[in-house]
Amino acid sequence: MSVAIVLFTSDLRLHDHPPLHAALASADEVAPLFVLDDGVEAAGFGAPNRRAFLADCLRDLDSGLRERGGRLIIRQGDVADEVGRLVEETGAGAVHMAAGVSGYAQRREERLRETLGRVGCGLNVHDAVITTLAPGAVVPSGAGRDHFAVFTPYFRRWSEEGLRSPFQAPRTVRVPEGPASAALPTRTGLRGLSPGLAEGGETEGRRLSAAWRRHGLASYEERHDDMAGDATSRLSPHLHFGTLSPAELVHRARAAGGPGADAFVRQVCWRDFHHQVLAAHPAAARSDYRSRQDRWRTGRAAEDETAAWREGRTGYPVIDAAMRQLLHEGWMHNRARLLTASFLTKTLYVDWRAGARHFLELLVDGDIANNQLNWQWVAGTGTDSRPNRVLNPVTQAKRYDPDGAYVRRWVPELAGISGPAVHEPWRLPERERARYDYPEPVVQLSEGLARFKEARGLG
DNA sequence: GAGGCCTTCAC
DNA sequence: TGAAGGCCT
């Protein structure tokens with residue numbers, strides 16, 4: 001009786017799962033394993049919102065496996081140790097897993113290789129599970145270039161590349177009876193959860209993505225920047241935990257066709273783009289991809305302003321609305337992410353790492369590749385070719401929240417102001433303004449802009 | 001085919 | 001400003 005282990009990581013699904021497919025094809029029995037990784041906790045990636053979502057995902061994965069005659073084996077500890085232990089318990093001849101991208105994932109793979117080498121068990125690392133194309137699957141033509149540093153040429157090449165057909169979910173999964181499992185983690189007892197946190201799990205992810213294809217995809221191109229309309233897919237947490245397959249999403253969107261589908265596929269490609277940058281350049285998670293010689297503000301004033309930013313009391317309604325959405329839902333509209341990140345890094349001139357840390361603390365889709373590199377993109381230290389552009393929060397608010405409905409939804413103390421006037425409470429007559437308990441702007445935009453230009457040495 | 005130069009273009 | 005790609009040597 002041959003046994004293969006499938007080590008689940010950021011790929012908590014049964015549909016379109018190449019490691020599971022390969023394991024089932026090559027062994028009589030499959031041991032599906034998830035390790036609650038002490039290393040992830042130690043690295044600070046175990047923020048409460050994601051732990052809650054993860055608990056949903058694991059429960060749903062276990063149910064899905066049980067419906068197919070199997071179960072999920074949960075262990076806690078060091079990944080390499082736990083996999084090694086399960087190999088001994090089951091006599092498994094191979095371990096199948098998805099390729100990771102971050103420095104952490106790369107070290108994990110090395111340690112697994114060492115451990116499995118000692119017990120004579122093979123390790124099969126599968127590409128294009130977490131991303132649509134593997135990092136490095138397409139590279140620019142020049143000699144020695146290992147990744148694309150500009151999105152558009154990457155997108156062109158990425159689009160030309162053939163896509164594998166998605167795998168069906170297996171009908172049955174035979175799991176060896178012996179190995180014990182730790183209890184499934186639950187949401188119970190987790191502190192600091194966002195009250196409006198989304199539900200995790202592959203079942204929920206597939207329900208959401210089917211609804212998205214029916215009702216959202218076709219109008220995505222016109223509506224994706226409408227903050228009040230909330231017409232983005234909200235699939236990002238499911239992509240982060242792998243409860244949805246990016247390859248399957250692209251496949252289905254292309255089948256649907258049309259400008260909405262094209263725009264959506266482009267966004268999925270951004271995800272691959274950032275993963276291939278990080279895979280080639282793991283240090284970009286912490287250090288400037290392209291240094292602009294910034295000397296970010298530090299000290300009391302900068303700390304107070306950063307606290308106001310985190311708590312949604314900067315006095316700029318659209319910024320505060322977005323930051324409160326983040327606190328409440330553990331998620332933020334993409335346009336709002338750009339505005340709030342520009343505000344912190346350009347207007348307040350505070351280090352992007354402080355913002356990225358706060359986002360990772362709360363975002364249920366918080367992902368090293370996307371989060372860090374998008375922050376760098378906005379800060380101008382990343383791959384943006386216009387590193388010194390500053391987004392004006394008022395102009396942007398009027399463009400992307402033209403009626404002010406997004407602000408009124410998240411900043412209830414301003415709900416009495418109708419129309420776009422809600423974006424500039426400081427322009428209200430003094431007596432009317434006094435009715436609203438809302439802070440003065442933490443900084444004047446003109447001051448922020450001047451400080452930024454000075455710091456970056458711009459005329 | 002490696003490397004320099006030029007044009008094009010960047011959510 | 002700098003990346004990419006085409007073209008030339």
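Throughout, protein chains are lettered first and strands after them, A, B, ... in sequence-line order, and every chain is numbered starting at 1.
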Set out, line by line, the N/O atom pairs under 3.5 Å between protein and nucleotides 4-8 of chain C.
residue, atom, partner, partner atom, Å
C/dA4, OP1, A/A149, N, 2.7
C/dA4, OP1, A/V150, N, 3.4
C/dG5, OP2, A/S141, OG, 3.3

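- Regarding A/Y289, its OH atom lies at a distance of 9 Å from the C1' atom of C/dA3, rounded to whole Å.
- Taking A/D226 as the reference, nothing meets the salt bridge (charged side-chain N to carboxylate O under 4.0 Å, His left out) condition, with sequence neighbours excluded.
- Take A/R213 and apply the salt bridge (charged side-chain N to carboxylate O under 4.0 Å, His left out) test, not counting sequence neighbours, and it matches no residue.
- The side chain to side chain donor-acceptor pair (under 3.5 Å) contacts involving residues 265-281 of chain A comprise A/W158-A/D272, where partners must be two or more places apart or lie in separate chains.
- Not counting sequence neighbours, the partners of A/E248 by the salt bridge (charged side-chain N to carboxylate O under 4.0 Å, His left out) test are A/R206, A/R252.
- Interface limits on DNA chain B: the 5'-most and 3'-most nucleotides within less than 4.0 Å of chain A heavy atoms are B/dA10 to B/dC11.
- In this structure, a donor-acceptor pair under 3.5 Å is present between the side chains of A/Q376 and A/T381.
- Contacts classified as salt bridge (Lys or Arg N to Asp or Glu O under 4.0 Å) and involving residues 143-165 of chain A (residues at least two apart or in different chains) are given here: A/D16-A/R164.
- The list of salt bridge (Lys or Arg N to Asp or Glu O under 4.0 Å) pairs with a residue in residues 406-422 of chain A, not counting sequence neighbours, reads A/R324-A/E413, A/D403-A/R408.
- Counting only residues at least two apart or in different chains, side chain to side chain donor-acceptor pair (under 3.5 Å) contacts with residues 297-312 of chain A comprise A/R297-A/E305, A/R300-A/D304, A/E311-A/R313.
- Protein atom CZ of A/R290 is 7 Å distant from nucleotide atom C1' of C/dG2, rounded to whole Å.
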